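See structure below.
The model shown is predicted, which means the values in this text are computed figures rather than measured ones.
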Amino acid sequence: MKVFLDNCRTTKVLPEVAREVEKYMLEKFARPDGLYDSAQEIYDELVETRRFFAKTINANSDEEIVFTSGATEANNLALLGVTRANKKRGNHIVISALEHGSVMSIADALKKEGFEVTVVPVDNEGMLKLDEFEKALRPTTILVSIIAVGHFVGSMMPLKEVGEILSRQDHKIYFHTDAAEMYAKMPLDVQDLKLDLVSVSGHKFHGPKGVGFLYVRKGTKIEPIMYGAESFDKRRPGGENVPAIMGMRKAAELAFERMEESYQRLRELQDYFIRRIETEIDHVVLNGPRGEKRTPYNVNFSFSFIEGEAISLGLSLEGVEVATGSACASESLEPNYAILAIGGDHERAHGSIRFTFSRFTTKEDLDYVVEKMKKVVQWLRNISPLKAER
């Protein structure tokens, strides 16, 4: 038996999505910038597809959607594009301590350009400290980027409260969120949350890799970060990956058809899995919040006295694929920054394992994983020099 529980890193493409991608590779392969009929047909379909994505987040116009190669590019366009376009107004941005590594890296790059960055801490559940967030805002603040869902510990950030705080400021501060772990998994309304920029990645909801989009509210001052011949959207030059875009749309359509059902089903499975792990394995700590403050797609445990890398390798030998370390950085042996941010020590960080679910995850999968976890943890603790105090 093989069980894949690293769905935060990527998800399996649905067969319907693969067929849609193939159609736009083999049959409807024209670029949208030609003057002939097949090109104009693709152009019209791209406009309609933008309109579809705009409706899914309650955007005002399809022109507020910019197709990208994924959330990492969308994050770059949002942060670099807005800060550079608005540097005459200020030089300060605010992010959370749980941002995805791409946002952390962009923030470091902006520091080298002369921008100041404030990293707002989170509490021991991984929730943004709103009082410290509000104190961090300055007259020179031009952008705030708060991740929608902590990709490692599963905390659902208080985006609505952040938007309300920003709306009370006496100058415009653009509000961005990396919604890669939220879009198509739970409702996302840019009007209700007062969002100006939203990053999305298609492969996080059973779409193709290498495609996503950035929502840019009309009136947001932003400049391109790449240059070349203008194509479908002047904010992002070059030819559009039409097959991937259409595949992403198909994946989103299928996700929204059963979003509420999947949410509730996975919430029940999450509760079941947490209960079994905590009941049947000693010396474990759940990282992140419980209940409604946690996305139902994520469970993260630290297992005392053993290394997460060893657990991951042991599980892999049993056909179970999980993550240790943060997304996009699991080859690093540095302690996970998300666990440190919520108050964990190095031992807890090194012993963490992230299990992330998808629409394909079943109760039988989780039962199998629990049994293999018990076997692997017992074996590793038997050979570990670290022991529980007696």
Measuring only between side-chain heavy atoms, which start at C-beta, is [X] closer than 4.5 Å to [Y]?
| X | Y | result |
| --- | --- | --- |
| Leu214 | Arg236 | no |
| Val284 | Ser302 | no |
| Asp233 | Phe67 | no |
| Phe273 | Lys363 | no |
| Met186 | Thr295 | yes |
| Phe213 | Arg50 | no |
| Ser69 | Val211 | no |

Subject >> Same cluster (ILVMFWY, side-chain, under 4.5 Å), Met157 and Leu340 >> reply: no
Does [X] count as lying over the ring of [Y], i.e. NZ or CZ under 6.0 Å from the six-ring centre, within 45 degrees of the axis?
| X | Y | answer |
| --- | --- | --- |
| Lys204 | Tyr183 | no |
| Arg381 | Phe305 | no |
| Lys87 | Phe115 | no |

**OP:** Can you sort out the partners of Asp123 under salt bridge (charged side-chain N to carboxylate O under 4.0 Å, His left out), two or more places apart, ordered by chain and number?
**Re:** none
Subject >> Listed partners of Arg265 passing salt bridge (charged side-chain N to carboxylate O under 4.0 Å, His left out), at least two apart >> reply: none
Original post:
Is it the case that Arg348 and Asn287 place a side-chain donor and acceptor less than 3.5 Å from each other?
Top reply: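 Result is yes, a qualifying pair exists.
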Original post:
Are side-chain N/O atoms of Glu45 and Tyr24 paired as donor and acceptor at under 3.5 Å?
Top reply: yes
**OP:** Check for a donor-acceptor pair, side chain of Ser312 on one end and backbone N or O of Gly308 on the other, with a separation under 3.5 Å.
**Re:**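 Between the backbone of Gly308 and the side chain of Ser312 there is no qualifying donor-acceptor contact (under 3.5 Å).
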Original post:
So does Lys12 have more than 12 non-hydrogen atoms from other groups sitting under 6.0 Å from NZ?
Top reply: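 Count not over threshold, so no.
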Original post:
Between Lys293 and Glu125, is the closest basic N to carboxylate O distance under 4.0 Å?
Top reply: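 Yes.
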Original post:
Looking only at heavy atoms, what is the nearest atom pair of Ser199 and Asn75, with distance?
Top reply: OG-OD1, 2.7 Å
Original post:
Out of His92, Lys111, Arg138, which residue meets the side chain to side chain donor-acceptor pair (under 3.5 Å) rule with Glu116?
Top reply: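 So, applying the side chain to side chain donor-acceptor pair (under 3.5 Å) to Glu116 and each of His92, Lys111, Arg138, only Arg138 qualifies.
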